[in-house]
Amino acid sequence: ELVKLAFSGAFMMGIDCSAFEIMVLMAARVSVLDLDAHNITLMICGLLFMGFPFSIGIAASIRVGNLLGAGETHRAIKASVLFASVAIVVVCITAVSVYVGRNSIGSLFSIDKDVCNLVGKLLPILAIFITLDSACDGILRAMGKQFVIFVYRLISFFLIGIPVAYHLCFKENLGVRGLWIALAVA
């Protein structure tokens, strides 16, 4: 059982990393400007994800897992609802903050005005992506459902996200904006 959880968890994280790296490779094929703006937006995304949804997910994993281990299913359900609610509120506040600051956040990372302008166009898409991304993975991890998360991410990133990203980026000529739209869709 431990090996199954470990491998599912590792593959779950590997899917995320691989999908984001493929997006970087696609951005690099568009232009240096797109690559720069993509990397800045990706850095902001990582900082926001680690700071909020992921940390809430870790807390949910620990609390819900402990309650389930203690046989307190009813309290685990209440805790799951609480964590999901907190995650939704925090992520919405974060998304609104990113949207409001979209025209100035890029200047924290670059002095190139074109890069900052493109980052400003990507951040509203990131705000949508952040809102749709979930801290609820922590609840599923607490239940030992890493394989479910793995399958969900495999389908969403590799069967939907990457093909849509390629199409929007290169066939519809949306450039790096197409990559971020595809991430939000996935």
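Because the structure is predicted, anything quoted here is derived from the model rather than measured.
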What closest approach, in Å, do [X] and [Y] show between heavy atoms, and which atom pair accounts for it?
X	Y	result
Arg177	Ile125	O-CD1, 3.9 Å
Ser61	Ala142	O-CB, 3.3 Å
Leu123	Val98	O-CG1, 3.6 Å
Val91	Pro53	CG2-CG, 3.8 Å
Val30	Gly175	CG1-CA, 4.2 Å
Ala186	Tyr152	O-OH, 4.3 Å

[Y] reachable from [X] in the ILVMFWY side-chain graph, under 4.5 Å edges:
X	Y	answer
Phe83	Ile77	no
Ile44	Ile111	no
Phe109	Val115	yes
Phe11	Ile160	yes
Val185	Leu42	yes

(message) Is it the case that the side chain of Ser8 and the backbone of Leu5 share a donor-acceptor pair, with hydrogens and angles ignored and the cut-off at 3.5 Å?
(response)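 A pair under 3.5 Å: no.
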(request) Tell me, with the steps shown, if Phe147 and Phe7 meet side chain to side chain contact (heavy atoms under 4.5 Å, CB included). (result) CA-CA 9 Å; Phe147 187 74; Phe7 278 111; over 6 Å; no
(message) For a side chain to side chain contact (heavy atoms under 4.5 Å, CB included) check, start with the C-alpha distance between Ile40 and Ser110, then their side-chain angles and the critical distance, and finish with the verdict.
(response) CA-CA 8 Å; Ile40 289 170; Ser110 177; 3.9 Å; yes
(request) Could you please spell out the steps behind the side chain to side chain contact (heavy atoms under 4.5 Å, CB included) verdict for Lys145 and Ile149? (result) CA-CA 7 Å; Lys145 303 288 185 189; Ile149 301 168; 5.5 Å; no
Just how far is it from atom [atom1] of [X] to atom [atom2] of [Y], taken to the nearest 0.5 Å?
X	Y	atom1	atom2	answer
Leu154	Ile15	CG	CD1	4.5 Å
Ile181	Glu172	CD1	CD	10.0 Å
Leu168	Leu183	CG	CG	10.5 Å
Met26	Ile22	CE	CD1	6.5 Å
Leu140	Gln146	CG	CD	9.0 Å
Ile162	Met23	CD1	CE	5.5 Å

Side-chain heavy atoms of [X] within contact of [Y], under 4.5 Å:
X	Y	answer
Asp34	Ser31	yes
Cys169	Leu174	no
Phe158	Ser18	yes
Met43	His38	no

(message) Distance to the ring centre below 6.0 angstrom and angle to the axis at most 45 degrees; does that hold for Arg102 and Tyr99?
(response)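 Positive - Arg102 is close enough to the ring of Tyr99 and near enough to its axis.
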(request) Determine whether more than 12 heavy atoms belonging to other residues, nucleotides or ligands lie under 6.0 Å from atom CG of Leu25. (result)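 It does: Leu25 CG has more than 12 such atoms within range.
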(request) Would you indicate whether Phe170, at its atom CZ, is surrounded by more than 12 heavy atoms from other residues, nucleotides or ligands within a distance under 6.0 Å? (result)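 Check passes, neighbour count above 12.
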(request) May I ask you to decide if the ring planes of Trp180 and Phe129 are parallel, tilted or perpendicular, using 30° and 60° as cut-offs? (result)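 Rings of Trp180 and Phe129: perpendicular, as their planes differ by over 60°.
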(request) Mind jotting down which residue pairs meet the side-chain hydrogen bond (donor to acceptor under 3.5 Å, both in side chains) criterion with at least one end in residues 47-60? Sequence neighbours excluded, please. (result)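 Listed by first then second residue: nothing to list.
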(request) With side chain to side chain contact (heavy atoms under 4.5 Å, CB included) as the test, would you mind laying out the steps for Met12 and Arg141 before giving the verdict? (result) CA-CA 11 Å; Met12 173 185 74; Arg141 285 192 304 268; 3.9 Å; yes
